[in-house]
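Remarks on the structure that follows.
Read the numbers this way: they start at 1 and go in the same order the structure lists the ligands and their atoms. Since the model is a prediction, treat every value here as computed from it, not as a measurement.
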Amino acid sequence: MTQITDKTFYIGADDHDIDLFEGFYEVPLGMAYNSYVILDDKAAVMDTIDAHFGDEWMGKLKEALAGRTPDYLIVQHMEPDHSANVARFAAEFPGAVIAASAPAFKMMKAYFGDEFAERRLILKDGDSLCLGSHTLKFITAPFVHWPEVVMTYDEASKTLFSADAFGKFGANDVEDPEGWACEARRYYFGIVGKFGKQVQDLLAKVKAAGLDIQTICPLHGPVLKEDLAYYLGIYDTWSSYGVESEGVCVCYTTVYGHTREAAEYLAAKLEEKGVKVALNDLARCDMPEAVEDAFRYGKLVLATTTYNGGIFPTMKVFIDELTERNYQKRTLALIENGSWGPMAAKKMAAAFENSKDISYAADPITIKAAMTDENRAQLDSLAETLAK
Ligand code: FEO
């Protein structure tokens, strides 16, 4: 049990056994499920945690309570990595009030067969809850990243309990060698990325309310206390689909190595010009890492083989991953390979037709099997254009 502010204590858990977070995301540094308890005149528990850590969480909660009975469980987010122990909490503490948004109670009915009608407090945007010297103010944050999400601002400690926002992959008891941003960015674009508008709405709401935030308590990753303008600023960049870093993301698929050769040739030419390049073989890299790179940089090159008259499967998946997250405001370049009927560039361009503010650095480059001198010249020219 770690003290966060004067009356707030951390009671979450680290998961080093998980293979894939949400059944999809590799988490080599594990995962943290955060939960907090505020011990004022009234005791409020902020979310529960993943099903596998119910005993550990309940043990930490009871240790923090030291014989007290909690007055409230505040359910900010119903995704099971946070809500799995709601029914257990309710059974253990029958006198406690369950506080959540109206849509969250519908989800409780769906998950637990109970919407706690006799003991619930339905939270609406702007509602307050006084615990004694701490008053909690609730901010609805629909689709950050589920519809029922509520965030909580503790006026006394100037703490924002931010649900999934400002979270990251990685357990809290492991130092992330790459710092906060890398795994936070992969988490953001993987999980929240589609909902940029809703994150922008939330940031605007926080700004309009003039909240003085000095601590952010997310549901994953470390509690943030220093340099909060940096975290708020980077969330503004990410959620507005802005360019975070100068550079070019080059993603390719290859069957016999010829398309890889073209992608590597282009990457080398760019690097010779001092351009930062993120090069990803989509069949072999961690796809969410490539998604993160595509959103991080302002320029994206896609190089792929024509396959079944269309786009090679892993490239098709990758483009879907981007477009369904509202990929926009980027400069693209397309390279296709096709030994007898190259079609991939046309199909890739069509896949981005509904994406906003996409421009092309150059006409598509077509390789027919192996690169020719003409292709090398085209790639030299593309590198020149992208480096500008
Ligand atoms: Fe961490 Fe959306 O659950």
Is the shortest side-chain N to carboxylate O distance from K197 to D201 below 4.0 Å? yes

Can we say E384 and K269 salt-bridge, meaning some charged N sits less than 4.0 Å from an Asp/Glu carboxylate O? no

Is the shortest distance from a Lys or Arg side-chain nitrogen in R186 or E183 to a carboxylate oxygen in the other one below 4.0 Å? yes

Point to revise | Lys/Arg N to Asp/Glu carboxylate O, D373 vs R376, below 4.0 Å | key: yes

Vertex atom 2 (Fe) of ligand 1, ends E79/OE1 and H77/NE2: angle to nearest 10° comes to 100°

Vertex atom 1 (Fe) of ligand 1, ends D81/OD2 and H220/NE2: angle to nearest 10° comes to 80°

Checking distances from atom 2 (Fe) of ligand 1, one finds that the N, O or S atom of D164 closest to it is OD2

For H82, the N, O or S atom at the shortest distance from atom 1 (Fe) of ligand 1 is NE2

